[in-house]
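The figures here come from the full heavy-atom set of this structure, side chains too, leaving out hydrogens, waters and symmetry mates.
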Amino acid sequence: MAPNALTPLDIQNMNEAAIEQVRQQVSDLIDPRYDTKWNMLRWLQSNEFNVPKTVHLLKKHLKWRKDRKLDEPESQSLLQFSDARRKHAPVDIIGPQRKEEGDRLVVVDRAGRIDVAGLMKAVQPTEYLHEMFRSFEEIQRRLMKMEEETGVQCYMHYIFDLEGMSFDPTLLGVVNGPFRVSWQLVGQHYREFIDKFIVINSPSYINVLWSALSPFIPEQSKERIVFAGSNWKEELLDIVDRDCLPERYGGTIPDEKCLQPVIPIPKSMYWKLPAHYPTMDQLHKISVSASKHRMLVYKVDKPDTELLMYSHNENDITITLYYSKDMNTQEKDLELAVAPIPKCGLPAMDLFDYNCEFPGYYFVKLANEASWLLPSTYRMIVIEKDTGKELEPLNLNEKWIKKGQKAKKK
């Protein structure tokens, strides 16, 4: 060891000091159930132990957890449900395996069997994403339990099985749209979960899919991706213990005991406009030029006003929500209420609900960042949940907004 090299004890002490700094600076937001040494460490690791950056990003995450009641019992969570995704695109948590370097939770995603075209016709963008968050919340609970039992940081091995995947014209759009966006947002909120992301049964055109995805994957994450070859069972068993794998992957666990069936989505589950939703014609059309953004301003008079934001977009757009007591606040001084959410185009109208904790002004920023040439149209209407009445933006008369039709009186 070099004379000035840090010993393992030095590193441990530095980690403990950084964890305590972070814990003190987020104490007003963190729920005791989430406040573990290992959760703090994950956020520090993902930010290269930069304490100010870690605190900044963790506070955003903790506010998001609080808004969605993620540290309450699962039945009280405000994440939306998606039967289509849960039943027809399941993620199976097999269980932990014991290793000297720490436990690894084995998870299987049989993505190749998913009826991708049907799924895109059956889900709303937010519920699709929230169902993925639900899976990762369960993974997080398992990891936290393992860490409590073992006293070491735990990770997961994520087996991504592409058996059965067939190439069709919609696939690349899905990979570069909902799939990419959902994994980007999962990466924002669930740090340092994955030890190995193991891709098996890769199709011959995997290079096409990888070319579409790789620019959006951080270099650190790329190092954890394993593309197993034709002898994937042998490669898999070098990473995962046989008694922690289903039989189809060379393990000893009967498939029917740990793997849910992946079946096509019936047309009866395709999304239809619910009777209580506004019609597409009632949504205001906001035009956003390429590489530009628009800002809608809403005034909320009472605290704890719950808003229902109905929207539809055919092209990628990013939405961010800000708050201020003053309508004339500069954008750089606005308080972030909801971090930027990339939204890809899907056939279904989306519903995003938000509780306005304070009275004041709420700013919805729509950014057309994905396009360098063509404008994008975003359709949107905001309804107060308690009254059922529209909350109109104060700048509804801007020339870049085409007003929607008024609802017919019943």
Pair Val108-Ile94, side chain to side chain contact (heavy atoms under 4.5 Å, CB included): steps then yes or no: CA-CA 7 Å; Val108 174; Ile94 308 302; 3.8 Å; yes
Electrostatic pair Arg23:Glu20 at N-O distance under 4.0 angstrom: yes
salt_bridge(Lys343, Asp350) N-O dist < 4.0 Å: yes
salt_bridge(Glu131, Arg86) N-O dist < 4.0 Å: yes
Sequence neighbours excluded - salt bridge (charged side-chain N to carboxylate O under 4.0 Å, His left out) pairs with any residue from residues 107-129: Arg113-Glu163
With Leu336 via side-chain contact (heavy atoms from CB on, under 4.5 Å) - residues at least two apart: Lys60, Thr320, Tyr322, Ala339
Parallel, tilted or perpendicular: ring planes of Tyr323 versus Phe358, cut at 30 and 60 degrees: tilted
Exercise: identify the closest heavy-atom pair between Ser182 and Leu129: CA-CD1, 3.8 Å
Ion pair Arg141/Glu138, N-O distance below 4.0 Å: yes
Heavy-atom pair with the smallest gap, counting every atom of Pro342 and Thr318: CA-OG1, 4.0 Å
For Asp326, all residues meeting side-chain contact (heavy atoms from CB on, under 4.5 Å), sequence neighbours excluded: Ser324, Asn328, Thr329
Separation between OG of Ser376 and CD1 of Ile286, rounded to the nearest 0.5 Å: 10.0 Å
Rounded distance (nearest 0.5 Å) linking atom CD1 of Ile200 with atom CZ of Phe227: 13.0 Å
Six-ring centre of Phe81, Arg134 cation under 6.0 angstrom, axis tolerance 45°: yes
Whether Gln97 side chain and Val106 backbone form a donor-acceptor pair below 3.5 Å: no
Lys37 atom NZ, neighbour heavy-atom count above 12 within 6.0 Å: yes
Glu314: partners by side-chain contact (heavy atoms from CB on, under 4.5 Å), with sequence neighbours left out: His312, Arg379
Residues forming a side-chain contact (heavy atoms from CB on, under 4.5 Å) with Leu78, sequence neighbours excluded: Arg68, Lys69
Contact list for residues 392-406, test salt bridge (charged side-chain N to carboxylate O under 4.0 Å, His left out), sequence neighbours left out: Glu392-Lys406
Contact summary for Ser289 and Arg294, nearest pair of heavy atoms: OG-NH2, 4.1 Å
Full working for side chain to side chain contact (heavy atoms under 4.5 Å, CB included) between Val22 and Leu44: CA-CA 8 Å; Val22 172; Leu44 281 161; 3.8 Å; yes
Distance-only donor-acceptor check, side chains Lys299 and Tyr362, under 3.5 Å: no
Heavy-atom closest pair, residues Ile317 and Ala367: CG1-O, 3.2 Å
When the side chains of residues 26-33 are checked against the rest of the protein, which donor-acceptor pairs come out under 3.5 Å, sequence neighbours left out?
from	atom 1	to	atom 2	distance (Å)
Ser27	OG	Gln24	O	3.0
Asp31	OD1	Arg33	N	2.8
Asp31	OD1	Arg33	NE	2.9
Asp31	OD2	Arg33	NH2	3.0
Arg33	NE	Asp71	O	3.0
Arg33	NH1	Asp71	O	3.0
Arg33	NH2	Asp71	O	3.3
Arg33	NH2	Glu72	OE2	3.3

Within residues 74-84 or reaching into it, pairs that qualify as side-chain hydrogen bond (donor to acceptor under 3.5 Å, both in side chains) - sequence neighbours excluded: none
Summary of ring pair (Phe, Tyr, Trp, His ring centres under 6.0 Å) pairs that have at least one residue in residues 25-78, sequence neighbours excluded: Tyr34-His61, Trp43-His61, His61-Trp64, His61-His189, Trp64-Phe133, Trp64-His189
Geometric class of the Tyr361/Phe363 ring pair [parallel <30°, tilted 30-60°, perpendicular >60°]: tilted
Pairwise salt bridge (charged side-chain N to carboxylate O under 4.0 Å, His left out) hits with a residue in residues 364-377, at least two apart: Glu331-Lys365
Over 12 non-hydrogen atoms of neighbours within 6.0 angstrom of CD in Glu149: yes
Neighbour count above 12 (heavy atom, 6.0 Å) for Lys66 NZ: no
Asp255 side chain vs Pro246 backbone, donor-acceptor pair below 3.5 Å: no
Pairs involving residues 274-299, ordered by first then second residue, that meet ring pair (Phe, Tyr, Trp, His ring centres under 6.0 Å) (sequence neighbours left out): Tyr277-Tyr310
Cation-aromatic face contact Arg104/Tyr155, 6.0 Å, 45 degrees: no
Ring geometry between Trp183 and Phe136 (parallel below 30°, tilted from 30 to 60°, perpendicular above 60°): perpendicular
Verdict with reasoning, Trp271 to Gln124, per side chain to side chain contact (heavy atoms under 4.5 Å, CB included): CA-CA 8 Å; Trp271 188 84; Gln124 296 173 281; 3.5 Å; yes
SB check Glu306 Lys385 (cutoff 4.0 Å): yes
Which atom pairs, donor and acceptor, lie under 3.5 Å between side-chain atoms of residues 256-270 and protein residues at least two apart or in another chain?
from	atom 1	to	atom 2	distance (Å)
Gln260	NE2	Asp92	OD1	2.9

Test item: Asn395 side-chain N/O and Ile401 main-chain N/O as donor-acceptor pair under 3.5 Å: no
Asp241 side-chain N/O to Cys244 backbone N/O, donor-acceptor pair under 3.5 Å: no
Check ion pair Arg65-Asp67 (N to O, under 4.0 angstrom): no
Arg242 side chain vs Thr252 backbone, donor-acceptor pair below 3.5 Å: no
Worked verdict on Cys154 versus Leu105 for side chain to side chain contact (heavy atoms under 4.5 Å, CB included): CA-CA 8 Å; Cys154 298; Leu105 186 67; over 6 Å; no
